[in-house]
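To keep things clear, I will list the structure first and then write my remarks on it.
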Amino acid sequence: MTPSSLAIRPARDSDSEPLAALIAASFAEYPNCLFEWSEFPELRRPASHFAGKGGRLWVVDAPDGGIAASLGATPVPEQNAVEITKVYAAPAFRGSGLAQALFAEALAFAEQGGFGAMMLWSDTRFARGHRFYEKLGFRRWPGERYLADVSATWEYHFRLDLAGAR
């Protein structure tokens, strides 16, 4: 399955369950990284959640009826930035270029909005994702944050200056 044979589309609220399944499966790859529905209320109506914040969430349908990958973008006007969230790809689709194609959607969204940067927070355990972000030009910023969630998550902060992304 190639990225060109899979279509990126805007998420729908009906994507709730398959999106949660993608995220839960991704979390399960890491020790003590647990998916707890109550910590993700935005997943009950994902399209409405992102639209309500002026953002977008894109997904790619997997051939089995699930979701192969996702990526969301939400404006953070006070930082002149767009925050990237919900960056997940099922193992069968990693390394295929699909995540880069989703990122291109978010980059276009940020540029069309006139934002100067993109940012994201990523669980310290997600080293594979960190390499992907760095490949895209993101730099890790100093500091970490603690979420006090069921997984006792610590996150790294990454930023990308859009002037350098062109």
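Taking CG of D15 as the reference point, atom CG of L43 lies at 10.5 Å (rounded to 0.5 Å). For the atom pair H157 NE2 and S122 OG, the distance stands at 11.5 Å (nearest 0.5 Å). In this structure, CD on E105 lies 11.5 Å from CG on L57, to the nearest 0.5 angstrom.
Residue pairs that meet the side chain to side chain donor-acceptor pair (under 3.5 Å) test with at least one member in residues 77-91, sequence neighbours left out, are E42-K86, Q79-R159. Legend: ring pair (Phe, Tyr, Trp, His ring centres under 6.0 Å) pairs involving residues 48-80, not counting sequence neighbours: none detected. Identified under the ring pair (Phe, Tyr, Trp, His ring centres under 6.0 Å) test for residues 9-30, with sequence neighbours left out: F27-F40, Y30-F126.
Cluster membership for F158 and W121, using ILVMFWY side-chain heavy atoms within less than 4.5 angstrom, is not shared. Under a hydrophobic clustering in which Ile, Leu, Val, Met, Phe, Trp and Tyr are joined whenever their side-chain heavy atoms come within less than 4.5 Å, directly or via other members, L102 and V82 fall into the same cluster. With hydrophobic clusters built from ILVMFWY side chains whose heavy atoms lie under 4.5 angstrom apart, L71 does not share a cluster with L19. Cluster annotation: Y133 and L98 are assigned to the same hydrophobic cluster (Ile/Leu/Val/Met/Phe/Trp/Tyr, side-chain heavy-atom contacts under 4.5 Å, transitive). Two different hydrophobic clusters hold M119 and Y156 under the rule that ILVMFWY side chains link at heavy-atom gaps under 4.5 Å.
Among all heavy-atom pairs drawn from R12 and P46, the shortest one is O-CG, 3.6 Å. Pairing each heavy atom of I67 with each of P18, the nearest pair is CG1-CB, 3.8 Å. The shortest non-hydrogen separation linking S26 to A89 is OG-O, 4.4 Å.
Taking the six-membered ring for Trp, F138 and H130 have ring centres at least 6.0 Å apart.
More than 12 heavy atoms of other residues, nucleotides or ligands lie within 6.0 Å of CZ in R9, so this atom counts as buried by the packing criterion. With a 6.0 Å radius and a threshold of 12 heavy atoms from other residues, nucleotides or ligands, N32 has its CG atom at or below the threshold.
P75 is linked by a side-chain contact (heavy atoms from CB on, under 4.5 Å) to P77, F109, F115, counting only residues two or more places apart in sequence or in another chain. In this structure R45 satisfies the side-chain contact (heavy atoms from CB on, under 4.5 Å) test together with D13, S48, sequence neighbours excluded.
Counting only heavy atoms from C-beta outward, the side chains of V87 and S70 never approach each other to under 4.5 Å. By the 4.5 Å heavy-atom criterion applied to side chains, W154 and R125 are not counted as neighbours. In this structure the side chain of D61 never reaches within 4.5 angstrom of the side chain of L6, judged on heavy atoms.
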Considering only distance and modelled atom types, tabulate donor-acceptor pairs under 3.5 Å from the side chains of residues 144-152, sequence neighbours left out.
residue, atom, partner, partner atom, Å
R145, NE, E155, OE1, 2.6
R145, NH2, E155, OE1, 2.9
D149, OD1, S151, N, 3.2
D149, OD1, A152, N, 2.9
D149, OD1, T153, N, 2.8
D149, OD1, T153, OG1, 3.0
D149, OD2, T153, OG1, 2.8
S151, OG, L34, N, 2.7
S151, OG, L34, O, 3.2

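In this structure, R44 satisfies the cation-pi test against W37, with its NZ or CZ atom closer than 6.0 Å to the six-membered ring centre and inside 45 degrees of the ring normal.
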Let's go through L160 and I84 carefully: what are the C-alpha distance in whole Å and the side-chain angles of both, what is the deciding distance for side-chain contact (heavy atoms from CB on, under 4.5 Å) to 0.1 Å, and is it a yes or a no? CA-CA 11 Å; L160 171 66; I84 303 302; over 6 Å; no

